[in-house]
Each structure stands twice: as structure tokens, then as C-alpha cells.
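Here's the structure we're looking at; comments come further down.
In this chain, residues are counted from 1 in sequence order. Predicted model, so just to flag it, every value in this text is computed and none were measured.
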Amino acid sequence: MSAFLVVDTKINNPEAYEEYKKLARPIVEKFGGVYRARGGAMEIHQSELWSPTRIVIVEFPDVESAQTFIDSEEYAPVKQMRLDNAECTLFILEG
């Protein structure tokens, strides 16, 4: 069953985050991920529990693939770039 990595991001350093995006994409793809949304325009209809900022959705073949990507040694230094330059909420959703 597919799994979706969903990230809501408040970017604090746009220049550094652009570099993160360039480095993250090939790693995502190596683990079978396909970007389905990447910071596009949003129309919020209700936000009682959560007010999203910038949404990225990546589809993986399954939860294991998404988790393996997040925990991979290859992604670790790139992930640190995200952590250093943005505030995020990240979760994996079975689909």
C-alpha cells in the first residue's frame, strides 16, 4: 500500500532551503519517492486544528520505503540542512 510523506514547512532561510531541495530530490527518488505536491498554492477551507504553511507531499511505495528514506545515512546530512533552516511538521500517512 502506498504511503505519503507529508511535510508542512516554515522556511527561515530561503537560500539554504533551495540548496536542500536540490539535494533532497535525488535521494527521495532513489528510495522510490515521487513528489505529488511541493509548496503549491493552497486554499484553506478550515483550520481549527492546524494552519498549514507550505505543504510537500511525497508518495512512496509503502511505509517502510518512506521510513527508510527518512532514516537513511544518505539523507542525514541533507535532513540536517532542513532542520537548520526551517521549522517543520512531518508525518507518514498510509494511503
Side-chain angles (χ1 to χ4, degrees):
M1 175 185 303
S2 291
F4 297 89
L5 177 69
V6 181
V7 188
D8 185 10
T9 308
K10 178 184 172 195
I11 298 170
N12 297 323
N13 183 337
E15 287 181 17
Y17 201 81
E18 284 301 313
E19 183 65 18
Y20 162 79
K21 289 176 6 182
K22 289 178 196 173
L23 296 172
R25 177 181 284 278
I27 304 169
V28 164
E29 292 171 350
K30 177 181 176 182
F31 286 90
V34 177
Y35 285 93
R36 297 299 184 201
R38 198 168 191 188
M42 286 188 291
E43 187 174 316
I44 308 296
H45 291 268
Q46 190 170 352
S47 62
E48 293 172 358
L49 295 177
W50 165 35
S51 205
T53 303
R54 179 184 180 277
I55 300 296
V56 174
I57 301 171
V58 183
E59 183 176 2
F60 284 88
D62 49 43
V63 170
E64 183 180 353
S65 298
Q67 192 65 57
T68 301
F69 159 71
I70 289 293
D71 296 336
S72 71
E73 288 183 27
E74 188 173 357
Y75 180 59
V78 179
K79 178 180 177 180
Q80 191 59 53
M81 290 176 69
R82 178 174 55 80
L83 296 172
D84 291 344
N85 295 289
E87 299 167 52
C88 299
T89 296
L90 182 149
F91 58 91
I92 298 170
L93 175 67
E94 281 187 327

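Hydrophobic cluster membership is shared by V7 and M81, with clusters built from Ile, Leu, Val, Met, Phe, Trp and Tyr side chains linked at under 4.5 angstrom. Each of V6 and V63 belongs to its own hydrophobic cluster when Ile, Leu, Val, Met, Phe, Trp and Tyr are linked at side-chain heavy-atom distances under 4.5 angstrom. At a threshold of 4.5 Å between side-chain heavy atoms, the hydrophobic network of Ile, Leu, Val, Met, Phe, Trp and Tyr places F4 and I55 in one connected group.
In this structure, R36 CZ and E59 CD are separated by 4.5 Å, a value rounded to the nearest 0.5 Å. Taken from NZ in K79 to CG in L23, the straight-line distance is 15.5 Å, to the nearest 0.5 Å. In this structure, the separation between OG on S65 and NZ on K30 is 13.0 Å, given to the nearest 0.5 Å. The distance from atom OG1 of T9 to atom CG of N85, rounded to the nearest 0.5 Å, is 11.5 Å.
Considering every non-hydrogen atom in both P52 and M42, the closest pair reads O-CE, 3.9 Å. Nearest heavy-atom pair, P61 versus G32, reported as atom, atom and distance to 0.1 Å: CD-O, 3.4 Å. A pairwise comparison of heavy atoms in V58 and G33 identifies CG1-CA, 3.9 Å as the closest pair.
Every side-chain contact (heavy atoms from CB on, under 4.5 Å) that E15 has, sequence neighbours left out, goes to N13. Listed by chain and number, the residues in a side chain to side chain donor-acceptor pair (under 3.5 Å) with K10 amount to none (sequence neighbours excluded). Residues passing the side chain to side chain donor-acceptor pair (under 3.5 Å) test with R38, sequence neighbours excluded: none. With sequence neighbours left out, S47 forms a side-chain contact (heavy atoms from CB on, under 4.5 Å) with I44, S51. The salt bridge (Lys or Arg N to Asp or Glu O under 4.0 Å) check on R25 picks up E29, with sequence neighbours excluded. Taking Q67 as the reference, I70, D71, I92 meet the side-chain contact (heavy atoms from CB on, under 4.5 Å) condition, with sequence neighbours excluded. Qualifying ring-ring contact (aromatic ring centres under 6.0 Å, His included) partners for F31, counting only residues two or more places apart in sequence or in other chains: none. In this structure Q80 satisfies the side chain to side chain donor-acceptor pair (under 3.5 Å) test together with D84, sequence neighbours excluded. Applying the ring-ring contact (aromatic ring centres under 6.0 Å, His included) criterion to Y20, with sequence neighbours excluded, gives Y17. Taking the side chain to side chain donor-acceptor pair (under 3.5 Å) definition, one finds that E64 meets it with nothing, sequence neighbours left out.
One N or O on the side chain of D8 and one on the backbone of R54 form a donor-acceptor pair closer than 3.5 Å.
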Notebook entry, point to check: Between K21 and V56, is a side chain to side chain contact (heavy atoms under 4.5 Å, CB included) present by the stated rule, with each step listed?
Noted result: CA-CA 11 Å; K21 289 176 6 182; V56 174; over 6 Å; no

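Identified under the ring-ring contact (aromatic ring centres under 6.0 Å, His included) test for residues 42-85, with sequence neighbours left out: F60-F69, F69-Y75. Applying the salt bridge (charged side-chain N to carboxylate O under 4.0 Å, His left out) test to pairs two or more places apart or on separate chains, none has a residue in residues 40-52.
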